[in-house]
**Q** 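Got a structure for you, questions after.
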Amino acid sequence: MGVATVTELKQSISGKRTFRPSLISRHANEWPPTDVSSDLTVEVGTSSFALHKFPLVSRSGKIRRLVAEAKDAKLARLSLHGTPGGAPAFELAAKFCYGVHVDVTVANVAMLRCAAHYLQITDDFSDKSLELRAESFLRDAVLPSIASSVAVLRSCEALLPAAEDVGLVPRLIAAIATNVCKEQLTSGLSKLDQCAAQLKPAAAFAADLDSPGPGDWWGKSVAALGLDFFQRLLSAVKAKGLKQETVTRILINYAQNSLHGLMARDVHRCGAADADAVKKQRAVVEAIVGLLPAQSKKSPVPMAFLSGLLKTAMAVSASSICRADLEKRIGMQLDQAILEDILIAAGAGAGAATPAGHGQQHALYDTDVVARIFSVFLNLDDDHNEEDAAAFDYDSPRSPKQSLLVKAAKLLDSYLAEVALDSNILPSKFISLAELLPDHARVVTDGLYRAVDIFLKVHPNIKEAERYRLCKAIDCQRLTPDACSHAAQNERLPVQMAVQVLYFEQLRLRSAIQASGGGGSMGGHDAALFFGCAAAAAASSVSVQGSVNMRSGSGVGSGAMSPRDNYASVRRENRELKLEVARMRMRLTDLEKDHVSMKRELVRVGPANRLLRGFARSLSRLFRMRPAAEPGLQQLGAKATADAKVLFQRRRRHSIS
């Protein structure tokens, strides 16, 4: 390469100028040029390039302007630290200026486009500029392809703000959104054609249309994008009409890629090095929640994903608006939840602390969040379901609303049984959760009874008022026979509840036997149970058993009864009745002994008893001193003694009853 003359340099500065063909062909494959000494050193970042003024000035408007504006006519050093893409981008641009062949690829097209704009290697200064070559490649090879567009968009993250200045980022996002929606439409039409050709039923049509299409692969490729580009891209595809199911899958992939491993460590104990990471995680969670599809009962967002987002949001201390949005979404889809979805650990300062003076421990689970979620579920607006539920009564087991309530009640009972094992949970919070659902939500209260029993076992020292209120939440009439049998012998329950359980169980058995034709013998049984008369209970049980045997032995009676299985059920219930009466008899005997011992103590120290005993001793001494007393006086003393005994016996009997 020869040395450029002053005339050639002035011509190149004044207008467009290209290399002579001999120079281009001579140095087409030679880099860097070594046959001519360098007269300009360009510094880009930490790299330096020993180059020549003429080839750079002839094609780069920026370098031409810097050389022309330099005060020193022999400018030998130039700094271009602001070149987008740094030293690699400038090296490619310099090669292009020297006439060396440069391959434009998906990996470097964004860098070359930004560098060409910064160095002003445009058509204004030379024909077939670097900017034109990059634009041609973008138009022909990048923008029509989703994969190439995503790859170039990812490379633009390191080229900001130059990529925004040249309008590259908005063009790529718009192209991706358009191509994705086109592919979705094409995929849907091809599925319709296949279904029509195979003559599938309508149900198969819907299943095929809702299944993931072959174009959903690109959702995984955008998971590596930065948060800002991801938000803009998702907003663009949603505005273009992308299906909510596809948007949900993209969000799940991005969340798994961005939030992976966050819950494996305690974010509240992280050091200063992790504080920035937690801040980024918080921004990611809030952005993902903002991009979720509209809130709806039939939202395509899986419950497990919503639950994981809520747990992560609480771990990174996301905004209250973000957490409230997730709580509402979970409440609207509560029928899809399982126990693990609502077991939300309490934060470092969010748990229910124990009262002052009883330690500084906190509850394991955040029950306030669960209470808010169930409140959302109970306050749902069902106006759009009125047509579906118009033929059902709200309290009917067949009602859609009632079926959802029953399912939610089972979930809440399982949750109560789990949190009852936590010794630090406050009784007031547990009671409020137990009383949260309406009475008709539980067809059977065995689950609630189990949770209450666990809580009383773990918390034996709670106040009697709290114990009574907790047990009051259990509807004894809806306990199964097994639960009734357990409750009757449960010493942790109040005595009133045990008696109530037995009473309602006897009423249920009475109704069952009356329905089978044997109701006439049950009146004495209720009296035996309620008033504690063991003999009457035994006589009633014998009479019931005898009446059943007589009916079974008589041909006429057998013909008038229900089928054999109904008869066997009555006999089984009768056996349960006898066992429960025996248990009640034992409990009443224990109570009688306690009352007798207490009464004896009271009588021993009572003033009335001392008066009676003194009067009796006086009479006895009087009769010993006067053995020949009148018969009337002797009868009077005997009568007074008898009256005293009767009075004591009556007091004792009334105290027991």
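None of these values were measured; they are calculated from a predicted model. This chain uses plain numbering: 1 for the first residue, then up along the sequence.
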**Q** Might you point out which heavy atoms bring C181 and G241 nearest each other, and give the distance in Å?
**A** SG-N, 4.4 Å

**Q** Any salt bridge linking E135 with R171? Criterion: basic side-chain nitrogen under 4.0 Å from a carboxylate oxygen.
**A**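 R171 and E135: salt-bridged.
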
**Q** Roughly how far, to the nearest 0.5 Å, is the OG atom of S58 from the NZ atom of K53?
**A**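 One finds 14.0 Å between NZ of K53 and OG of S58.
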
**Q** For the residue pair V369 and M314, establish whether any side-chain heavy-atom pair is separated by less than 4.5 Å.
**A** yes

**Q** I'd like to know if the side chain of S235 reaches the main chain of R232, judged simply by a donor and an acceptor atom lying under 3.5 Å from each other, with no hydrogens or angles considered.
**A** no

**Q** For K328, I'd like to know if atom NZ has over 12 heavy atoms of other residues, nucleotides or ligands within 6.0 Å.
**A** no

**Q** Got a donor-acceptor contact below 3.5 angstrom from the R329 side chain to the S299 backbone?
**A**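 Not confirmed, R329 side chain does not pair with S299 backbone.
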
**Q** Quick one: are D165 and C114 in side-chain contact, heavy atoms under 4.5 Å?
**A**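 Side-chain contact under 4.5 Å: no.
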
**Q** Provide the closest heavy-atom pair for F377 versus A408 in the form atom of the first, atom of the second, distance.
**A**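 Looking at all heavy atoms of both residues, the closest pair is CE2-CB, 3.6 Å.
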
**Q** Could you check if a side-chain atom of F49 sits within less than 4.5 angstrom of a side-chain atom of L80, using non-hydrogen atoms only?
**A** no

**Q** In Å and rounded to the nearest 0.5 Å, what is the CG to OG distance from D123 to S129?
**A**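 Those atoms lie 3.5 Å apart.
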
**Q** Taking H52 for its side chain and S37 for its backbone only, find out whether a donor-acceptor pair lies under 3.5 Å.
**A**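 Yes, H52 side chain to S37 backbone: donor-acceptor pair under 3.5 Å.
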
**Q** In Å, rounded to the nearest 0.5 Å, how long is the span from CD1 of I338 to CD of Q336?
**A**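 Separation between the atoms: 11.5 Å.
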
**Q** For residues L292 and F305, report the shortest heavy-atom separation together with the two atoms involved.
**A**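 Distance-wise, the nearest heavy atoms are CD2-CE2, 4.0 Å.
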
**Q** Looking at R59 and F96, would you say the former's side chain and the latter's main chain have a donor-acceptor pair under 3.5 Å?
**A** yes

**Q** Within a strict 4.5 Å, meaning less than it, do heavy atoms of the I250 and L291 side chains meet?
**A**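 SC-SC contact between I250 and L291 ruled out.
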
**Q** I'd like to know if the side chain of S307 reaches the main chain of M303, judged simply by a donor and an acceptor atom lying under 3.5 Å from each other, with no hydrogens or angles considered.
**A** no

**Q** Is there a side-chain contact between F137 and D103, using heavy atoms and a 4.5 Å cut-off?
**A**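 They are not in contact (no side-chain heavy atoms under 4.5 Å apart), so the answer is no.
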
**Q** Could you pull out the closest heavy-atom pair between S38 and L40, with the gap in Å?
**A** OG-O, 3.2 Å

**Q** How about S155 and M111: do any of their side-chain heavy atoms sit closer than 4.5 Å?
**A**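 They are not in contact (no side-chain heavy atoms under 4.5 Å apart), so the answer is no.
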
**Q** When you measure from the side chain of E286 to the backbone of C322, do you find a donor-acceptor pair of N or O atoms at a distance under 3.5 Å?
**A** no

**Q** Without swapping roles, check the side chain of Q333 against the backbone of V301 for a donor-acceptor pair under 3.5 Å.
**A**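 Pair found, side chain donor or acceptor close to backbone of V301.
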
**Q** If you apply the rule side chain to side chain donor-acceptor pair (under 3.5 Å), what do you find for D325 with Q295, and how did you get there?
**A** CA-CA 9 Å; D325 184 270; Q295 296 178 354; 2.7 Å; yes

**Q** Counting only N and O atoms by type, is there a donor-acceptor contact under 3.5 Å from the side chain of R154 to the main-chain atoms of S221?
**A**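 Yes; at least one donor-acceptor contact below 3.5 Å.
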
**Q** What distance separates T367 OG1 from Y415 OH, expressed to the nearest 0.5 Å?
**A** 5.5 Å

**Q** Check this for me: I321, atom CD1, are more than 12 non-hydrogen atoms of other residues, nucleotides or ligands nearer than 6.0 Å?
**A** no

**Q** So how far is it from R133 CZ to L138 CG, rounded to the nearest 0.5 Å?
**A**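 One gets 12.5 Å once the value is rounded to the nearest 0.5 Å.
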
**Q** Is there side-chain contact between N257 and N253, with at least one heavy-atom pair below 4.5 Å?
**A**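 Heavy-atom side-chain distance check fails, nothing below 4.5 Å.
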
**Q** So L159 and R113, do their side chains get closer than 4.5 Å, heavy atoms only?
**A**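 When only atoms from C-beta onward are counted, L159 and R113 do not touch, as no gap falls below 4.5 Å.
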
**Q** Please assess E43 against H81 for the test side-chain contact (heavy atoms from CB on, under 4.5 Å), listing each intermediate value before the final yes or no.
**A** CA-CA 7 Å; E43 296 177 352; H81 297 296; 4.1 Å; yes

**Q** Mind running side-chain contact (heavy atoms from CB on, under 4.5 Å) on V316 and V284 for me, showing each step along the way?
**A** CA-CA 10 Å; V316 298; V284 170; over 6 Å; no

**Q** Provide the closest heavy-atom pair for L242 versus Q184 in the form atom of the first, atom of the second, distance.
**A** CD1-OE1, 3.2 Å

**Q** Please assess L334 against V376 for the test side-chain contact (heavy atoms from CB on, under 4.5 Å), listing each intermediate value before the final yes or no.
**A** CA-CA 9 Å; L334 192 60; V376 170; over 6 Å; no

**Q** Has the side chain of N179 got a donor or acceptor atom that lies under 3.5 Å from a matching backbone atom of A147?
**A** no

**Q** Testing the basics here: between A177 and K240, what is the closest heavy-atom pair and its distance to 0.1 Å?
**A**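 That would be CB-CG, 3.8 Å.
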
**Q** As an exercise, state the distance from CD1 of I373 to CG of D368, rounded to the nearest 0.5 Å.
**A**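 Output value for this atom pair is 11.0 Å.
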
**Q** Would the distance check show the side chain of D335 and the main-chain N or O of K407 forming a donor-acceptor pair, the cut-off being under 3.5 Å?
**A** no

**Q** Dump the intermediate steps for side-chain contact (heavy atoms from CB on, under 4.5 Å) on Y98 and L51, then the final yes or no.
**A** CA-CA 10 Å; Y98 274 86; L51 303 174; 3.5 Å; yes

